[in-house]
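First comes the structure, then the notes that go with it.
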Number of protein chains: 2
Amino acid sequence: MEVARDLFMQEGYAAGSMSEIATRVGGSKGTLYNYFASKELLFAALMKQECDIEALEASTLAVSGMNIHGALTAIGLRFLDFILVQRVVDIHRLVIAECGRFPELGRTFFENGPRRGVAILGDWMAEQMAEGRLRSADTERAATHFMELCKSGLHQKMLWNIEPAPSAAAKAANVEIAVTIFMAAYGPLDAPAPS
Amino acid sequence: MEVARDLFMQEGYAAGSMSEIATRVGGSKGTLYNYFASKELLFAALMKQECDIEALEASTLAVSGMNIHGALTAIGLRFLDFILVQRVVDIHRLVIAECGRFPELGRTFFENGPRRGVAILGDWMAEQMAEGRLRSADTERAATHFMELCKSGLHQKMLWNIEPAPSAAAKAANVEIAVTIFMAAYGPLDAPAPS
DNA sequence: GTCTATAGAAGGATAGAC
DNA sequence: GTCTATCCTTCTATAGAC
């Protein structure tokens, strides 16, 4: 499955062949078909595994004992460190490429990845709003906005194969400005926006 | 080329065959190869055409005589009306799917689409900043932020084949909140943020 | 369980008649 | 310019020996 994943990420689902997978793995096609009844089932099993990895990553949020600014910065950095890695971008590229032919692929990844992440971040923001550290607002929308601000153009540039993974400094800069913008729009009203 | 575009959008580049294109267009494969020397050249010609369409759309900005709030709303609505259409999303899906194998594909689309759009919007924002209607800031970043806020989660949901094109009302709602957030963060300092 | 061998279909591309 | 026919490769999937 690891070999198959790499091949499909490199060549795409249609262009990646079972023969090539068998060759790369050092076995024969007959044996490969003993493990997976069809190319489609191998692909489904493979993507399910990747989806679980994504779900695990989206489920964690460790920001205890930080002020709101530091917590948002930590959340943003962790988010970018996860999605701006070549392997993850390649998986997303494969999901986007094939979700037209495998409709449940996009939905499954979305539910386990972005949607879960937004829900968890939204819940955390709801707490912050209740305690007056953030302005009252739609939590899901606020969480989505924050993530989009963090990504800014970086994710698209990788997805479109224009630039490789950005440096830690570039990511940190993006998060810093994202936090500033976010707090100006969603921060408590008694704290005026900075210049 | 129209037929080929539709087939590739539906099946993907690798899975869409020259035979199928010839059949759909009502001709023969031999004739098709008289017009395009190879499948790859047909694909390149086709994507170049789509790219030009995108470039044309990204080049226009008509907001004369509006206040900043109305202008941003108009810009955001026009932007969403363009990118949240199934055909455009399908093209983007194809670009993302194939830019790993055709590196210049992603770059060409990016330069003519998003980059051009950001540059034009950034220039307009520079004027607004100079006249005190927006806070002074990095114009390219501000333009990118505004577009990301307008898209919010809508574009991804279409790209991942989770939802069809949103209604006009849904787009308008997204733009309205995007303008509010944007103005809270980038609006002039003398106008306090609304509740 | 793993291999070789192969069936059966489809793909890209070309040759050559008209 | 357009067609039919075909070459050669490659694909998914299976059969059957060991």
Side-chain angles (χ1 to χ4, degrees), chain A residues 1-51 90-91 93-106 108-109 161, chain B residues 1-51 90-91 93-106 108-109 161:
Chain A
M1 282 175 58
E2 192 180 328
V3 166
R5 185 201 64 204
D6 289 346
L7 179 66
F8 287 145
M9 287 193 322
Q10 187 187 339
E11 308 272 356
Y13 173 71
S17 74
M18 296 292 268
S19 302
E20 177 68 18
I21 293 168
T23 301
R24 285 197 189 186
V25 90
S28 73
K29 244 190 323 187
T31 305
L32 182 55
Y33 272 95
N34 269 351
Y35 285 85
F36 302 97
S38 72
K39 184 184 181 181
E40 197 170 321
L41 285 175
L42 166 57
F43 184 66
L46 184 173
M47 292 307 271
K48 173 83 173 67
Q49 199 179 54
E50 294 299 322
C51 190
D90 287 344
I91 291 290
R93 207 180 278 153
L94 199 48
V95 170
I96 292 166
E98 300 304 330
C99 67
R101 268 87 57 196
F102 301 96
E104 60 191 336
L105 185 63
T108 307
F109 261 81
N161 201 20
Chain B
M1 282 174 58
E2 193 180 328
V3 167
R5 185 202 64 204
D6 289 346
L7 179 66
F8 287 145
M9 287 193 322
Q10 187 186 342
E11 308 271 357
Y13 173 71
S17 74
M18 295 293 269
S19 302
E20 177 68 19
I21 294 168
T23 301
R24 285 197 190 187
V25 89
S28 74
K29 243 192 321 186
T31 305
L32 183 56
Y33 272 95
N34 268 351
Y35 285 86
F36 302 98
S38 73
K39 184 183 182 182
E40 198 170 321
L41 286 175
L42 165 57
F43 184 65
L46 184 173
M47 293 307 269
K48 173 83 173 64
Q49 198 179 55
E50 293 300 320
C51 192
D90 287 344
I91 291 290
R93 206 180 279 152
L94 199 49
V95 170
I96 292 166
E98 300 304 330
C99 67
R101 268 87 57 197
F102 301 96
E104 60 190 337
L105 185 64
T108 306
F109 262 80
N161 202 19

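Only a predicted model underlies this, so the values are computations on that prediction, with no experimental measurement involved. First the proteins, then the strands, lettered A, B, ... as listed; each starts at 1.
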Next item on the list: Take atom NZ of B/Lys39 and atom P of C/dG11, then tell me their distance rounded to the nearest Å.
Entry: 9 Å
Check: Checking all strands, does B/Ser28 fall into the base, sugar-phosphate, or nothing category for heavy-atom contacts under 4.0 angstrom?
Finding: base
Next item on the list: Look at all strands and tell whether B/Thr31 reaches a base, only sugar-phosphate, or nothing, counting heavy atoms closer than 4.0 Å.
Entry: base
Next item on the list: Specify the separation, in whole Å, of atom CD of A/Glu20 and atom P of D/dC11.
Entry: 8 Å
Next item on the list: Would you kindly check whether a donor in the side chain of B/Lys29 faces an acceptor in the base of C/dG12, or vice versa, at under 3.5 angstrom?
Entry: yes
Next item on the list: May I ask you to say what A/Tyr35 touches in the nucleic acid, namely base, sugar-phosphate or nothing, with a heavy-atom cut-off under 4.0 Å?
Entry: sugar-phosphate
Note to self: Rounded to whole Å, how long is the line connecting atom CZ of A/Phe36 with atom P of D/dT14?
What the structure shows: 15 Å
Next item on the list: Please determine if B/Lys48 forms a cation-pi arrangement with B/Phe109, meaning its NZ or CZ atom is less than 6.0 Å from the six-membered ring centre and no more than 45° off the ring axis.
Entry: no
Margin query: Once you apply a heavy-atom cut-off of 4.0 Å, does B/Ser38 come out as touching a base, just sugar-phosphate, or nothing?
Written below: sugar-phosphate
Check: Which of the following nucleotides, D/dC11, C/dG11, D/dT14, is nearest to the side chain of A/Tyr33?
Finding: D/dT14
Next item on the list: Let me know the distance between CG of B/Leu41 and P of C/dT14, rounded to the nearest Å.
Entry: 11 Å
Notebook entry, point to check: At under 4.0 Å, does any side-chain N or O of A/Ser17 touch on OP1 or OP2 of D/dC11?
Noted result: yes
Checklist line | Interatomic distance where CG belongs to B/Leu7 and P belongs to C/dG11 [whole Å] | finding: 10 Å
Notebook entry, point to check: Picking from D/dT12, C/dG12, D/dG1, which would you name as closest to the side chain of B/Asn34?
Noted result: D/dG1
Next item on the list: Count the heavy atoms of every other residue, nucleotide or ligand shown that sit under 6.0 Å from CD of A/Glu104, and state whether that count exceeds 12.
Entry: no
Item checked: B/Phe43 vs B/Leu105 side-chain heavy atoms within contact, under 4.5 Å -> yes
Check: Rounded to whole angstroms, how far apart are CD on A/Glu11 and P on C/dG11?
Finding: 19 Å
Check: Can you tell me how far C1' of C/dG11 sits from CD1 of B/Ile21, to the nearest Å?
Finding: 12 Å
Notebook entry, point to check: Should the pair A/Tyr13 and A/Phe8 be assigned to parallel (<30°), tilted (30 to 60°) or perpendicular (>60°) ring geometry?
Noted result: tilted
Next item on the list: Using atom OH of B/Tyr13 as one end and atom P of C/dG11 as the other, report the distance to the nearest whole Å.
Entry: 14 Å
Note to self: Could you go through B/Asn161 and B/Arg93, starting from their C-alpha distance and side-chain angles, then the distance that decides it, and tell me whether this counts as side chain to side chain contact (heavy atoms under 4.5 Å, CB included)?
What the structure shows: CA-CA 10 Å; B/Asn161 202 19; B/Arg93 206 180 279 152; 3.9 Å; yes
